[in-house]
*Asks:* 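Here's a structure for you.
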Amino acid sequence: MPVDFPMRALPPQQLLQVWEQGLNQPPVQQALLLLAAACPETSTELLTQLSIGQRDTYLLTLREWLFGSEIVSLATCPQCGERLELMFNLADIRVSTHAETVEVLILNVANYQVQFRLPNSGDLIAMQTVSSYRDRQNIQAMRRFLLERCLLKVESQSLEVSVSDLSTDLQDAVVAKMAEADPQADVQLALCCPACNHQWQATFDIVAFLWSEINAWAYRTLREVHTLASAYGWREADILAMSPQRRQFYLEMVGV
């Protein structure tokens with residue numbers, strides 16, 4: 001599957017529209033809304049079929065265009081509760097990917113040959129529709145559900161094998177192969193607490209992080225629009241069309 005869909009930056013007015021559409025939506029839908037706006041020449045179906053790592057690669061680029069390449073975040077030490085400030089560059093967590101990704105992967109383990117594909121946003125959406133809330137809270141049940149969707153064919157000694165008959169070890173091997181084939185899907189930060197020297201791995205979720213930034217930006221921008229519209233009677237579109245520097249100048253003029 002090609003992963004070089006053309007992208008474009010999102011102007012403030014369009015970003016506000018995407019933010020409004022994504023309010024109260026689950027993260028996977030928020031990610032697709034952002035990609036659909038940034039990749040208007042690409043169908044939602046194709047965007048949904050991107051592997052999670054491919055999707056996140058696009059979101060990293062979009063984040064850089066919107067807010068720059070520097071990341072500032074916080075983490076809490078699980079050992080002592082100390083709050084850590086994290087500062088790193090997007091380049092530090094980017095994983096080099098090939099322009100073409102094999103759609104069907106093959107894993108040979110013992111007497112088994114497993115054909116599978118990488119998880120995508122469609123799989124995450126399907127996981128949310130699982131009828132049982134208890135199942136959604138069961139990691140093993142969700143992993144089995146995901147594997148059943150992504151495993152295309154399993155054979156042992158030329159005989160087809162049901163996914164439900166796979167051993168835990170074979171399931172683990174498939175999951176490990178998926179992670180190896182799509183490393184951008186699971187970004188782990190190696191952290192060390194300066195207070196207690198505890199070391200641990202923390203997941204960096206670009207979807208959640210970027211949406212939190214967009215949410216903060218949207219509230220700040222709408223407050224600025226309200227202030228300038230009240231002071232000068234300008235339209236929202238005209239205010240959003242201003243550069244941040246010019247908008248800040250007018251805010252200072254009205255005492256904000």
Side-chain angles (χ1 to χ4, degrees), residues 1-3 5 22 24-36 42-60 93 95 97-98 100-156 159-189 201-211:
M1 180 184 296
V3 291
F5 299 146
N24 302 319
Q25 292 291 322
V28 62
Q29 296 288 8
Q30 293 170 342
L32 289 174
L33 284 170
L34 288 169
L35 288 184
T42 305
S43 69
T44 302
E45 180 182 3
L46 285 178
L47 293 174
T48 302
Q49 292 172 0
L50 288 170
S51 73
I52 301 304
Q54 292 169 346
R55 179 203 69 178
D56 288 358
T57 296
Y58 280 103
L59 292 176
L60 288 172
I93 59 173
V95 178
T97 56
H98 301 291
E100 296 285 335
T101 297
V102 178
E103 294 186 12
V104 178
L105 293 93
I106 297 176
L107 175 66
N108 292 296
V109 178
N111 295 322
Y112 290 88
Q113 183 182 81
V114 183
Q115 297 182 26
F116 63 96
R117 62 169 176 80
L118 296 174
N120 57 39
S121 296
D123 299 316
L124 300 185
I125 292 172
M127 290 174 70
Q128 294 174 349
T129 64
V130 174
S131 58
S132 170
Y133 175 80
R134 180 175 299 176
D135 282 346
R136 290 199 297 270
Q137 304 307 305
N138 186 321
I139 295 177
Q140 291 301 320
M142 286 294 92
R143 188 175 87 152
R144 185 167 55 252
F145 178 83
L146 186 60
L147 284 174
E148 288 175 352
R149 288 181 58 89
C150 294
L151 294 185
L152 306 176
K153 189 176 184 180
V154 182
E155 289 184 333
S156 177
L159 298 176
E160 192 158 347
V161 179
S162 171
V163 174
S164 60
D165 293 333
L166 295 184
S167 66
T168 301
D169 288 344
L170 187 52
Q171 292 181 30
D172 291 342
V174 174
V175 171
K177 188 66 175 179
M178 286 178 172
E180 178 186 340
D182 201 25
Q184 193 69 71
D186 184 21
V187 175
Q188 296 291 323
L189 305 178
Q201 297 279 324
T203 300
F204 178 76
D205 182 350
I206 182 58
V207 177
F209 185 84
L210 177 56
W211 193 263

*Asks:* Please examine the side chains of Leu34 and Trp211, heavy atoms only from C-beta on, and report whether any two atoms are closer than 4.5 Å.
*Replies:*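 Trp211 vs Leu34: side chains touch.
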*Asks:* Under 4.0 Å between a side-chain nitrogen and a carboxylate oxygen: does that hold for Asp172 and Arg143?
*Replies:*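 Yes, charged N to carboxylate O under 4.0 Å.
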*Asks:* Out of the candidates Leu105, Leu147, Leu146, only one should pair with Met178 under the side-chain contact (heavy atoms from CB on, under 4.5 Å) rule; please name it.
*Replies:*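 Answer to the side-chain contact (heavy atoms from CB on, under 4.5 Å) test with Met178 among Leu105, Leu147, Leu146: Leu147.
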*Asks:* Quick one, Val207 and Arg55 - any side-chain contact, counting heavy atoms below 4.5 Å?
*Replies:*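 Yes, at least one pair of side-chain atoms sits under 4.5 Å.
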*Asks:* So which of Asp56, Asp205, Thr203 actually passes side-chain contact (heavy atoms from CB on, under 4.5 Å) with Asp186?
*Replies:*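 Answer after filtering Asp56, Asp205, Thr203: Thr203.
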*Asks:* For Leu124 and Ile52, run side-chain contact (heavy atoms from CB on, under 4.5 Å): C-alpha distance rounded to whole Å, both residues' side-chain angles, the deciding distance at 0.1 Å, then the answer.
*Replies:* CA-CA 9 Å; Leu124 300 185; Ile52 301 304; 3.6 Å; yes
*Asks:* Quick one, Leu60 with Ile93, criterion side-chain contact (heavy atoms from CB on, under 4.5 Å). Give me CA distance, side-chain angles, the key distance, then yes/no.
*Replies:* CA-CA 9 Å; Leu60 288 172; Ile93 59 173; 4.0 Å; yes
*Asks:* Please give me the minimum heavy-atom distance between Thr48 and Gly122, naming the atom from each residue.
*Replies:*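 Smallest heavy-atom distance, with atoms named: CG2-N, 3.3 Å.
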*Asks:* Would Ile206 and Val187 count as a side-chain contact (heavy atoms from CB on, under 4.5 Å) here? Give the steps.
*Replies:* CA-CA 9 Å; Ile206 182 58; Val187 175; over 6 Å; no
*Asks:* Please report the closest heavy-atom contact between Pro183 and Val95, naming both atoms and the distance.
*Replies:*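 Heavy atoms only, the tightest pair is CG-CG1, 3.3 Å.
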*Asks:* For atom CG of Asn24, is the number of surrounding heavy atoms from other residues, nucleotides or ligands below 6.0 Å larger than 12?
*Replies:*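 Check fails, neighbour count at 12 or below.
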*Asks:* Going from CG on Asn120 to CD on Gln54, what distance comes out if it is rounded to the nearest 0.5 angstrom?
*Replies:*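 So the gap between those two atoms works out to 9.5 Å.
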*Asks:* Where do Gln184 and Thr57 come nearest, in terms of heavy atoms and distance?
*Replies:*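 Where Gln184 meets Thr57 most closely, the heavy atoms are CG-OG1, 3.5 Å.
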*Asks:* Drop me the distance from Leu59's CG to Leu210's CG, to the nearest 0.5 angstrom.
*Replies:*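 Going from CG on Leu59 over to CG on Leu210, the span is 6.5 Å.
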*Asks:* Tell me which donor-acceptor pairs under 3.5 Å the side chains of residues 109-116 have, and how far apart each pair is, sequence neighbours excluded?
*Replies:*
{"unit_1": "Gln113", "atom_1": "NE2", "unit_2": "Asn108", "atom_2": "OD1", "d": "3.4"}

*Asks:* What verdict does the side-chain contact (heavy atoms from CB on, under 4.5 Å) test give for Leu50 and Phe5, after you've listed the backbone C-alpha separation in whole Å, the side-chain angles of each residue and the deciding distance to 0.1 Å?
*Replies:* CA-CA 11 Å; Leu50 288 170; Phe5 299 146; 3.8 Å; yes
*Asks:* Gln171 side chain to Leu166 main-chain N or O, any donor-acceptor pair under 3.5 Å?
*Replies:*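 Judged by distance alone, yes, a pair lies under 3.5 Å.
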*Asks:* Which residues pass the side chain to side chain contact (heavy atoms under 4.5 Å, CB included) test with Ile125, sequence neighbours left out?
*Replies:*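 Per chain and number, Ile125 pairs via side chain to side chain contact (heavy atoms under 4.5 Å, CB included) with Val28, Gln29, Leu32.
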*Asks:* Which atom pair, heavy atoms only, marks the closest approach of Asp123 to Arg149?
*Replies:*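 Shortest heavy-atom contact: OD1-NE, 2.7 Å.
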*Asks:* Provide the closest heavy-atom pair for Gln30 versus Gly22 in the form atom of the first, atom of the second, distance.
*Replies:*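 Reported closest heavy-atom pair: NE2-O, 3.2 Å.
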*Asks:* Considering all heavy atoms of both residues, which atom of Glu103 and which atom of Arg117 are nearest to each other, and what is their separation?
*Replies:*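 Taking Glu103 first and Arg117 second, the nearest heavy atoms are O-CB, 3.4 Å.
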*Asks:* Looking at Gln201, I want to see if its CD is surrounded by more than 12 non-hydrogen atoms of other residues, nucleotides or ligands under 6.0 Å.
*Replies:*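 Result for CD/Gln201: enclosed.
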*Asks:* Taking atom CG of Leu35 and atom OG1 of Thr42, what is their separation to the nearest 0.5 Å?
*Replies:*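 Separation between the atoms: 9.5 Å.
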